[in-house]
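What follows is a set of notes on a single structure, which appears directly below.
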2 protein chains.
Amino acid sequence: MDTAERLVESTRELLWERGYTGTSPKAIQQRAGVGQGSMYHHFAGKPDLALAAIRRTAEEMRALAEEEFSAPGTAVDRVTAYLLRERDVLKGCPIGRLTQDPDVMGDPALRAPVDETLAWLRERLAEVLAEGRERGELNTVLDPQAVAATVVAVLQGGYVLARAADSVQPFDQAIAGVLGLLAAHISMPRT
Amino acid sequence: MDTAERLVESTRELLWERGYTGTSPKAIQQRAGVGQGSMYHHFAGKPDLALAAIRRTAEEMRALAEEEFSAPGTAVDRVTAYLLRERDVLKGCPIGRLTQDPDVMGDPALRAPVDETLAWLRERLAEVLAEGRERGELNTVLDPQAVAATVVAVLQGGYVLARAADSVQPFDQAIAGVLGLLAAHISMPRT
DNA sequence: GTCTATAACGGGATAGAC
DNA sequence: GTCTATCCCGTTATAGAC
């Protein structure tokens, strides 16, 4: 892994652990094992590095989610698989957490990938749910967009509860709860 | 409002807007219109002031929530009223956001009120839902604790989505979604 | 490309005068 | 109780040597 690469990876980790405001260029350099001058040779500064890091994290997140969304199975199966996927719950969502950082949300360039990733997630989930509804797998009274927002919110909020409790339990309960609520709306698909 | 009071209020605002790491003693003093020495006379330092601020915010949050939980009406009515209560959505939850601050979560004293408040919220909601289940208002297949966690998570996650989008729409959708999912589980209470 | 100064600035707090 | 001065350190770079 070359220097620029190591810098981006260190930045990704630190943004996840400590957020943008809590992450200093010095900390990035130390974790990457890269000198001061070297960092400023490859990147214009902290915002530039953060942008590269956030973009990569966003891309990775979409790719991982799309794996579940485009898998075989019914719509509900795929949404369920996405909800039950293994996650680093206590670390939270590396994209969602940036939402709390005023310096990120105040910079249009840094904000864009955060906004787009979460919007894409909701859209994509809504598509999957709409597909399930068309196929008769899902109660037609449900609004796919609303349920999609709920699903993403349960995950994001589940992270918050888990971090507060320093336990995965409330996260798991929140997931179990929404799956339980969803169950009554599932029907056998017309084959 | 006296000096100590103004300091606490300013701290509460800044913690909400910028988080713990993003809030400096100087910023607190300026917003409160209080001098350096004055602040250190009334409080031992930043953590001490933050503790007072967080405790007050936590107390306020519980009091507001309890208003809805102990109101008249069915269990589902009260949970619905809580979910639909007017909120400063784009500012997010002043307690939930602290969850993302490693300096807060790393300090047991600062962390405690965050943990306790969110735990209390889930417990209290679970009690209301359990009551509704006993009265036959709610499908018995639902686990009150799980649904309670889901409800709190939808709110916390809804804030995240709203802040990312800089719009209340995804928040409102997430709430609408969970209410829609809940609807199928409601039955007429045995009177 | 990477290194070591250097620097302007803010964070977080202490000291002592008033 | 409040004010000003002072302090040390970390942040976020820039400059120029190697």
Side-chain angles (χ1 to χ4, degrees), chain A residues 1-56 97-98 100-111, chain B residues 1-56 97-98 100-111:
Chain A
M1 200 159 58
D2 72 352
T3 304
E5 195 61 21
R6 283 211 309 283
L7 284 165
V8 172
E9 285 305 311
S10 300
T11 306
R12 297 215 300 149
E13 291 172 19
L14 283 162
L15 285 181
W16 196 358
E17 294 168 16
R18 307 200 39 83
Y20 183 81
T21 304
T23 297
S24 69
K26 175 179 281 192
I28 294 169
Q29 295 150 24
Q30 287 177 341
R31 183 169 301 206
V34 159
Q36 195 99 341
S38 196
M39 185 194 116
Y40 283 102
H41 172 76
H42 292 282
F43 295 92
K46 180 177 165 177
D48 188 32
L49 233 181
L51 182 58
I54 294 173
R55 280 191 174 145
R56 179 170 304 179
R97 80 147 295 153
L98 298 173
Q100 302 301 329
D101 216 309
D103 293 340
V104 170
M105 300 318 274
D107 181 333
L110 295 180
R111 183 203 190 106
Chain B
M1 201 161 55
D2 72 352
T3 301
E5 195 63 20
R6 284 210 308 283
L7 284 166
V8 172
E9 286 303 312
S10 301
T11 305
R12 297 215 298 150
E13 292 172 18
L14 283 163
L15 285 182
W16 197 357
E17 294 167 18
R18 307 201 38 85
Y20 183 79
T21 305
T23 296
S24 68
K26 177 179 281 191
I28 294 169
Q29 294 151 24
Q30 286 176 342
R31 184 169 298 207
V34 159
Q36 195 98 341
S38 197
M39 185 194 115
Y40 283 101
H41 172 75
H42 291 283
F43 296 92
K46 181 178 165 177
D48 188 32
L49 233 181
L51 182 58
I54 293 172
R55 279 189 173 147
R56 180 170 305 179
R97 82 147 295 155
L98 298 173
Q100 302 301 328
D101 217 309
D103 293 341
V104 171
M105 300 317 274
D107 181 334
L110 295 180
R111 182 200 192 109

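Numbered from 1 within each chain, the chains take letters A, B, ... in sequence-line order.
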Does this structure show an ion pair linking B:R97 with B:E17, if we count only N-O contacts that are shorter than 4.0 Å? no

Can you tell me the distance, in whole Å, between the NZ atom of A:K26 and the P atom of C:dT4? 13 Å

Can you tell me how far CG of B:L51 sits from CG of B:L110, rounded to the nearest 0.5 angstrom? 5.5 Å

Whole angstroms only, please: what is the CD-P distance between A:Q36 and C:dA7? 15 Å

Above 12 or not: heavy atoms from other molecules or residues under 6.0 Å from CZ of A:R6? yes

Quick one: A:H41 NE2 to C:dT4 P, roughly how many Å, whole number? 17 Å

Residue mapping more 5' on DNA chain D - nearest nucleotide basis, A:G37 or A:Q29: A:Q29

Indicate yes or no for a side-chain donor-acceptor contact from B:K26 to the backbone of B:Q36 under 3.5 Å, with no hydrogens or angles considered. no

Those residues of residues 3-14 of chain A lying under 4.0 Å from DNA chain C by at least one heavy atom: A:T3

Please give, in whole Å, the distance from C:dA13 C1' to B:L49 CG? 13 Å

dist A:T23:OG1 -> A:K46:NZ (nearest 0.5 Å) comes out at 6.5 Å

Presence of salt bridge, A:R18 and B:D101, under 4.0 angstrom: no

Could you state the NZ-C1' distance from B:K46 to C:dA13, rounded to the nearest angstrom? 12 Å

For B:Q30 and C:dG12, what is the distance between atoms CD and P respectively, to the nearest whole Å? 13 Å

Is there side-chain contact between A:T11 and A:F43, with at least one heavy-atom pair below 4.5 Å? no

What I want to find out is whether A:R12 reaches A:E9 closely enough, with some N-O distance under 4.0 Å, to be called a salt bridge. yes

Range on DNA chain D touched by chain A, heavy atoms, distance below 4.0 Å: D:dT11 to D:dT14

Can you check the B:D48 CG to C:dG12 C1' distance for me, whole Å? 14 Å

Give a yes or no on whether a salt bridge exists between B:R56 and B:E5, defined as a side-chain N under 4.0 angstrom from a carboxylate O. yes

Name the nucleic acid region contacted by A:T21, choosing base, sugar-phosphate or nothing; use a 4.0 angstrom heavy-atom cut-off, strictly under. nothing

Look at the side chain of B:S24 and decide which nucleotide, out of C:dT4, C:dG12, C:dA13, has an atom nearest to it. C:dG12

